[in-house]
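All ligand and atom numbering here is 1-based and tracks the order in the structure.
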Amino acid sequence: MIGKKMEKALNDQINAEFYSAYIYLAMAAYFEEENLPGCASWMRIQVQEETAHAMKIYDFVIERGGRVVLRPIEQPPKDWKSPLAAFEGAYEHEQYITGRINELVDLAIAEKDHAANAFLQWFVNEQVEEETSVDTVVQNLKMAEKAPGAMFMIDRELGQRTFTSPTQEGA
Ligand code: FEO
């Protein structure tokens, strides 16, 4: 049985993961408007990843005999001043999520909830990948700023990304 504090914190994280999906969905819409279908497609896959993260926590709360309580999802930003600014925003957001995951681990330890701690280790590792994949795009876009035409190539490359459920990879 899950403790009340942990249950609330995980419910908050379900909301944060759905908000992540919402931000990336807003970024996908921005990229569609900017005629960058590859960037938009990359963001749509990120939306699927975030939804899978939310559902993984959702299932864990239920499995532990807790109650999932859904709250409103905050409205995400609508516009970014450049594709680089959008991906930089995504990188900052992932760092924020990493901080939240670390706080959840701290709480699991404080509450002596070993099951939650073990469960959250998957997210600790996932956040390393999340930050790296977004940062790689940020670095590429920074280089592209100095090379006209490079944006076209990057957009095409980002459009190659396919969805692999993060919850199926050794979870
Ligand atoms: Fe669910 Fe991008 O962290």
Open item on the list: Regarding N125 and Q121, do their side chains bring together a donor and an acceptor under 3.5 Å, going by distance alone?
Closed with: no
- [ ] Kindly state each residue pair satisfying side-chain hydrogen bond (donor to acceptor under 3.5 Å, both in side chains) with at least one member in residues 65-84, sequence neighbours excluded.
- [x] D12-R71
Open item on the list: Centroid separation under 6.0 Å, is that true for the rings of F87 and F31?
Closed with: yes
- [ ] Look at the side chain of N117 and the backbone N and O of I109, then say whether any donor-acceptor pair between them is shorter than 3.5 Å.
- [x] no
- [ ] Measure the CD-CD distance between E131 and E94 for me, rounded to the nearest 0.5 Å.
- [x] 7.0 Å
TODO: Please test M143 against N140 for side chain to side chain contact (heavy atoms under 4.5 Å, CB included), starting from the C-alpha separation and ending with a verdict.
DONE: CA-CA 5 Å; M143 282 192 281; N140 288 343; 3.8 Å; yes
- [ ] Under 2.8 Å from atom 2 (Fe) of ligand 1, how many protein N/O/S atoms do you get? Just the number, please.
- [x] 4
